[in-house]
Amino acid sequence: MIPFYVALFLFFAALVSRPTWADDLVFENAHIADPETKTVKEGSLVVKNGRITQVGGKTPAGLKSKKMDATGLWIIPGLVDTHDHSTLNNPGPNGVVDRLTTEDVMKMMLYCGVTSFLDLFADEKAIFKARNLQRQKLTLGSTLYAAGPMMTCQNGHGTEFDIPTRTMDSPDEARRQVDLLAQQKPDVVKIAYDHSEEAPAMSKATMTALIAEAKKLKLKTIVHIGTWQDASDAIDAGATVVTHFGQGEMPDELAAKFRGRGVWEIPTMTYQSDLLYLVENRSLLRSPLLLPLISKKLLAAYQNIEVNDSFVAKILARQNKSRDTYLGAVKKLSDAGVPLMVGTDSGDLGVFHGFSVHREMAIFVRAGLTPWQALAAGSTMPKKFLNLKSGIAVGDKADFIVVKGSPVADIENTQNIETVVQNGKMVDRPALLKFKPIQE
Ligand SMILES: [Zn+2]
């Protein structure tokens, strides 16, 4: 006979080891759109033990999984934001701010079908702690990846936010700082190399040493730039990704240089232009996807935005000046075969955590990309970049969204989310809305 305490132990062990995805899933009669192959398959999407086991065709006979009828619905891979600042809140006009925690942002992202996101600058102590807690399955929401600090020079871009960061002014110091940062296991290294502002910028030699050291440690680098020359220098130095654009028309030879050196780009078009789109078309604020995520006060501040307010006017003037050339740069890079990734730079005016991922894809289409290309930039490309084996291909960890209407015919249909599946499980979306932004 088994002693009572052993029996008790076995009982709880059985409870713990029971697969958490007891409810395997099948979505039947679906359109399953894979941006990687640009193909649509019809039929059943089968999820077993958290993974995709079948894409299209008939549901295998005798399958006891939970079956969902997805007639008229489309399934696409979970989305990814590769340029977020989860500690910078949702700021609005007139000093109105929805104050958010990183945990709030994780929930907002997942609510919007963004199953993973990359924070590109925060207090490294706080952000790595949040990331590590989530990896221990202690936090609900979109899966957080993080760069930690902005690697910058003394008084350079990134030092103006009252967020602790890392500064370096020589190649030796750059190598030392990368080595120290590497101990925190950052998912990427974020570097500010920006000669567009009056603030000092890192020297090319320091940036080059920094990138070389990161490479040695097998860390990918994302370089924030402010001029096209900055982009060219970052490519010379061996950067993995460039984020933002330079000013004015992008030189033709630069697109070829990106392509030749295999460098990727995160344009952050919502940050560069969405306040302007929003002022031109205030119905953007009525999106049913956005409304449950923001406070009434923030919504009202945007609805009543004063275009003559000096702070707002300055941003609108900048966006007015650069919008068309930036749309042209997105198209030029895409035509040259440069991999593009969706990144919103959320934490800035006119941009909203989670929701703006859908806007970024819509703006890519406005730039002349096909919806397939925009969907790839918002899902399969960043997954490849972050080495995530998740999505809707056979063998993938099941991370996908179910939407009403074809996102291939109209990219805005990505906003009509019916269901989100993360790690093979149906997400309880209403539960994700149980957070309260603190308003100011
Ligand atoms: Zn940024």
Side-chain angles (χ1 to χ4, degrees), residues 76 78-81 83-86 88-94 96-115 117 141-142 268-305 312 315 319 342-366 374-375 378-379 401-405 407 410-420 427-440:
I76 56 173
L79 303 171
V80 183
D81 188 345
H83 192 146
D84 180 76
H85 299 289
S86 62
L88 290 185
N89 308 306
N90 266 341
N94 267 333
V96 177
V97 180
D98 275 2
R99 295 228 165 261
L100 304 163
T101 64
T102 292
E103 288 72 21
D104 294 340
V105 171
M106 289 171 174
K107 290 177 189 163
M108 298 168 89
M109 288 276 186
L110 191 58
Y111 184 83
C112 292
V114 182
T115 48
F117 71 105
S142 178
T268 63
M269 288 300 287
T270 40
Y271 161 65
Q272 310 281 13
S273 59
D274 223 13
L275 191 66
L276 183 57
Y277 283 123
L278 194 147
V279 164
E280 289 169 348
N281 176 12
R282 295 191 194 200
S283 75
L284 286 176
L285 290 167
R286 288 203 297 269
S287 167
L289 187 60
L290 174 66
L291 289 175
L293 298 173
I294 59 175
S295 69
K296 286 198 171 75
K297 205 171 165 190
L298 187 68
L299 176 65
Y302 273 110
Q303 278 168 336
N304 304 316
I305 188 167
V312 171
I315 296 174
Q319 297 194 349
V342 161
T344 61
D345 216 351
S346 287
D348 280 292
L349 208 62
V351 194
F352 305 92
H353 297 279
F355 173 71
S356 291
V357 169
H358 298 266
R359 289 289 306 149
E360 185 77 9
M361 292 191 294
I363 297 172
F364 279 9
V365 170
R366 203 178 268 252
L375 288 168
S379 60
I401 58 180
V402 185
V403 302
K404 209 184 279 171
D410 181 354
I411 193 69
E412 304 214 352
N413 283 331
T414 61
Q415 296 184 30
N416 307 330
I417 300 176
E418 292 273 319
T419 306
V420 178
V427 171
D428 180 358
R429 289 177 77 226
L432 294 172
L433 293 175
K434 287 181 193 144
F435 66 89
K436 269 214 165 60
I438 299 165
Q439 294 129 43
E440 292 185 347

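As the structure is a prediction and not an experimental result, all values here were calculated from the model. We number each residue from 1, following the sequence as shown.
P91 meets the side chain to side chain contact (heavy atoms under 4.5 Å, CB included) test with no other residue; sequence neighbours excluded. Residues that satisfy the side-chain hydrogen bond (donor to acceptor under 3.5 Å, both in side chains) test with T270, not counting sequence neighbours, are E360. Applying the side chain to side chain contact (heavy atoms under 4.5 Å, CB included) test to T101 and every residue at least two apart in sequence or in another chain returns E103, D104. With sequence neighbours excluded, no residue forms a side-chain hydrogen bond (donor to acceptor under 3.5 Å, both in side chains) with N304. Partners of Q319 by side chain to side chain contact (heavy atoms under 4.5 Å, CB included), not counting sequence neighbours, listed by chain and number: L275, L276, I315. Not a single ring pair (Phe, Tyr, Trp, His ring centres under 6.0 Å) links H358 to another residue, sequence neighbours left out. Partners of D274 according to the salt bridge (Lys or Arg N to Asp or Glu O under 4.0 Å) rule, which considers only residues two or more places apart in sequence or in another chain, are R359. Applying the ring pair (Phe, Tyr, Trp, His ring centres under 6.0 Å) test to F364 and every residue at least two apart in sequence or in another chain returns nothing. Every residue two or more places apart in sequence or in another chain that forms a salt bridge (Lys or Arg N to Asp or Glu O under 4.0 Å) with E418 is listed here: K404. Qualifying side chain to side chain contact (heavy atoms under 4.5 Å, CB included) partners for L291, counting only residues two or more places apart in sequence or in other chains: L299.
For the atom pair CG (N94) and CG (L298), the distance works out to 11.0 Å, reported to the nearest 0.5 Å. For the atom pair CG of L285 and CD1 of I305, the computed distance is 8.5 Å after rounding to the nearest 0.5 Å. Here the straight-line distance linking atom OG of S346 with atom CE of M108 works out to 8.5 Å at 0.5 Å rounding. Atom CG in L79 sits 10.5 Å away from atom CG in L110 (nearest 0.5 Å). Of the inter-residue distances, the one linking Y271 atom OH with D345 atom CG reads 6.5 Å to the nearest 0.5 angstrom.
The neighbour count for R366 CZ, taken as heavy atoms of other residues, nucleotides or ligands under 6.0 Å away, does not exceed 12.
The main-chain N or O of S295 is found under 3.5 Å from a side-chain atom of D98 such that the two form a donor-acceptor pair. With hydrogens and angles disregarded, no donor-acceptor distance shorter than 3.5 Å links the side chain of N416 to the backbone of V403. A donor-acceptor pair under 3.5 Å links the side-chain atoms of D81 to the main chain of T344, judged by distance alone. In terms of modelled atom types and a separation under 3.5 Å, the side chain of D410 and the main chain of E412 share a donor-acceptor contact. Side chain of T414 to main chain of I411: a donor-acceptor pair is present (N/O by atom type, distance under 3.5 Å, no hydrogens or angles).
Within the structure, ring-ring contact (aromatic ring centres under 6.0 Å, His included) contacts touching residues 279-303 (residues at least two apart or in different chains) are Y302-F352. Among residue pairs with one or both ends in residues 273-293, none qualify as ring-ring contact (aromatic ring centres under 6.0 Å, His included); sequence neighbours excluded.
Of the options V105, L293, I294, a side chain to side chain contact (heavy atoms under 4.5 Å, CB included) to N90 is made by I294 and by none of the others.
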